[in-house]
Amino acid sequence: MKKSKKTTIIEEVSFVVGIFIIAFGLIFFLKPHTIAPGGISGFAVVIDKLFNIPMDVTNIVVNIPLFLVGIRILGKKFTLRSFAGTLILSFFIRLIISVLGENIIMVDDVLLSALYGGVLMGVGLGLVFKSGGSTGGTDLAGAILNKYFPHISIPKLMMIFDFFIVVSSGIVGGKLENSLYSLISLYIIVKVADFIVEGLNYAKAFYIISDKSEEIGKNIVDNLGRGATILKGVGVYTGAEKNVIMCIVDTRQITKLKNIVNHIDSNAFVMVTTVHEVLGEGFKINN
């Protein structure tokens with residue numbers, strides 16, 4: 001389906017704004033304390049500390065070989081989008097340093113720097129990912145290596161890269177604490193980025209096994225205004241046929257549905273799972 005012009009503009013603005021936030025968090029929170037939470041940007045922090053090579057230079061130099069290989073293996077569309085993200089990130093790093101300098105330390109406390117630097121990086125990456133973009137780095141390297149080692153997933157390959165970068169921050173910084181702070185920051189980045197991409201717009205899927213499935217289903221339709229589907233199941237131990245009600249509700253109706261089930265059949269077996277994407281009439285959840 002073709003995107004509207006408004007949607008395209010919003011995505012491109014989010015892409016650029018997200019990268020600017022990443023650059024800001026790197027320069028003023030993470031770099032001053034040699035906190036390297038994985039990725040090529042974290043590697044750039046380590047190289048800057050070791051050899052005094054600017055982060056924007058390292059970011060481009062390391063990514064170029066990845067892009068050249070990536071174009072051949074992954075195709076132009078994915079790789080060029082990542083290359084654009086890398087160039088913009090390096091541009092913003094150089095712009096911020098030129099205008100504000102790179103010796104400004106926002107927070108003296110290392111833990112607070114790890115926390116807030118992680119939040120900024122997570123918000124930035126979340127905006128970039130949500131717009132369908134990338135800043136290159138370990139995700140691109142992971143995708144390339146996955147073609148040669150398909151038995152190792154891309155997330156696992158990225159985790160291996162990030163682990164070595166986090167460890168190197170402690171070696172370069174001369175303190176184990178640097179690696180530990182980097183791990184904290186990495187964890188926050190992942191969680192915040194996931195939150196930005198998935199948001200609070202989620203639903204709950206209920207699977208209800210009860211001998212009173214028809215009565216429960218009728219109450220769901222009448223009192224919650226939601227549809228429900230009865231699936232046929234068979235107990236493995238007893239061999240008896242069971243009705244399984246499947247119903248998806250929004251967050252406001254979770255407690256109401258639990259009360260309905262408990263009131264009708266307190267012995268019902270209920271399984272609840274989180275759903276981040278629902279397509280169909282009555283729902284607009286699509287993250």
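Because only heavy atoms are used, hydrogens play no part in the values below, and waters and symmetry mates are left out as well, while side chains stay in. Throughout, numbering of the chain's residues begins at 1 and tracks the sequence.
A donor atom on one side chain and an acceptor atom on the other are found under 3.5 Å apart for Lys232 and Asn243. Remark: the Thr34 side chain and the Ser169 side chain contain no N/O donor-acceptor pair separated by less than 3.5 Å. Of the N and O atoms on the side chains of Asn59 and Asn63, at least one donor lies less than 3.5 Å from an acceptor on the other residue.
Residue Phe43 places its CZ atom among 12 or fewer non-hydrogen atoms of other residues, nucleotides or ligands, all under 6.0 Å distant. Open room surrounds CD on Glu214; 12 or fewer heavy atoms of other groups in view lie less than 6.0 Å from it. Few gaps surround CZ on Phe67; more than 12 heavy atoms of other groups in view lie less than 6.0 Å from it. Within 6.0 Å of OH on Tyr116 lie no more than 12 heavy atoms contributed by other residues, nucleotides or ligands.
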### Task
In sequence, state the C-alpha distance, the side-chain angles, and the governing distance for Lys204 and Thr273, and then conclude on side chain to side chain donor-acceptor pair (under 3.5 Å).
CA-CA 6 Å; Lys204 291 288 185 179; Thr273 62; over 6 Å; no

### Query
So Ile184 and Leu111, side-chain contact (heavy atoms from CB on, under 4.5 Å) or not? Walk me through it.
CA-CA 9 Å; Ile184 292 172; Leu111 178 58; 4.0 Å; yes

### Task
Begin from the C-alpha positions of Asp162 and Leu186 and carry the test side-chain contact (heavy atoms from CB on, under 4.5 Å) through to its verdict.
CA-CA 9 Å; Asp162 290 338; Leu186 177 60; 4.3 Å; yes

### Task
Starting from the C-alpha separation in whole Å, work towards a yes-or-no answer on side-chain contact (heavy atoms from CB on, under 4.5 Å) for Met121 and Leu30.
CA-CA 10 Å; Met121 289 277 291; Leu30 303 183; 3.8 Å; yes

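Rounding to the nearest 0.5 Å gives a distance of 11.0 Å between CE of Met271 and CE of Met246. Note that the CD1 atom of Ile53 and the CD1 atom of Ile47 stand 6.5 Å from one another [nearest 0.5 Å]. Separation of atoms CG (Leu125) and NZ (Lys130) is listed at 14.5 Å; rounding is to 0.5 Å. Taken to the nearest 0.5 Å, the CZ atom of Phe29 stands 5.5 Å off from the CG atom of Leu120. To the nearest 0.5 Å, the span separating CD1 on Ile35 from OG on Ser182 amounts to 6.0 Å. One finds the CD1 atom of Ile93 at 7.5 Å from the OG atom of Ser41 (value rounded to the nearest 0.5 Å).
Not a single donor-acceptor pair under 3.5 Å links the side chain of Ser14 to the backbone N or O of Leu127. Side chain of Gln253 to backbone of Leu224: a donor-acceptor contact under 3.5 angstrom is found. A distance-only check finds no donor-acceptor pair linking the side chain of Ser185 to the backbone of Tyr181 [under 3.5 Å]. Checking side-chain atoms of Ser113 against main-chain N and O of Val107 turns up a donor-acceptor pair under 3.5 Å. Remark: the backbone N or O of Ile209 is not paired with any side-chain donor or acceptor of Ser213 at under 3.5 angstrom. No side-chain donor-acceptor contact under 3.5 Å links Asp48 to the backbone of Ala44. Between the side chain of Thr58 and the backbone N or O of Met55, no donor-acceptor pair lies under 3.5 Å.
With salt bridges taken as basic N to acidic carboxylate O contacts below 4.0 Å, one links Asp56 and Arg94.
By the 4.5 Å heavy-atom criterion applied to side chains, Val16 and Phe92 are counted as neighbours. Counting only heavy atoms from C-beta outward, the side chains of Asn262 and Ile260 never approach each other to under 4.5 Å. Using a 4.5 Å cut-off on side-chain heavy atoms (C-beta onward), Tyr187 and Leu183 make no contact. Counting heavy atoms from C-beta outward, Asn219 and Glu215 have side chains that approach closer than 4.5 Å. Put simply, the side chain of Leu100 reaches to within 4.5 Å of the side chain of Phe28, judged on heavy atoms. In this structure, the side chains of Phe269 and Lys242 stay at 4.5 Å or more apart for every pair of heavy atoms.
The shortest heavy-atom contact between Ile189 and Gly118 is CG1-O, 3.4 Å. Nearest heavy atoms, Ile64 versus Phe83: CG1-CE1, 4.5 Å. Between Gly170 and Asn178, the closest heavy-atom pair is CA-CB, 3.8 Å. Heavy atoms only, all atoms of each residue included: Pro32 and Leu26 are closest at CD-O, 4.2 Å. A pairwise comparison of heavy atoms in Ile165 and Gly42 identifies CG2-C, 3.7 Å as the closest pair. Here the closest non-hydrogen pair linking Leu257 and Cys247 is CD2-SG, 4.4 Å.
Follow the hydrophobic side-chain contacts under 4.5 Å out from Leu112 and you reach Ile27 in the same cluster. Under the 4.5 Å side-chain heavy-atom criterion for Ile, Leu, Val, Met, Phe, Trp and Tyr, Leu180 and Phe163 are members of distinct hydrophobic clusters. Cluster membership check: Leu68 shares its hydrophobic cluster with Tyr148, using side-chain heavy-atom separations under 4.5 Å among Ile, Leu, Val, Met, Phe, Trp and Tyr. Criterion: ILVMFWY side-chain heavy atoms under 4.5 Å apart, direct or through other members. Under it, Val119 and Ile21 are part of a common hydrophobic cluster. Both Ile245 and Ile254 are members of a single hydrophobic cluster when ILVMFWY side chains are connected at heavy-atom separations under 4.5 Å.
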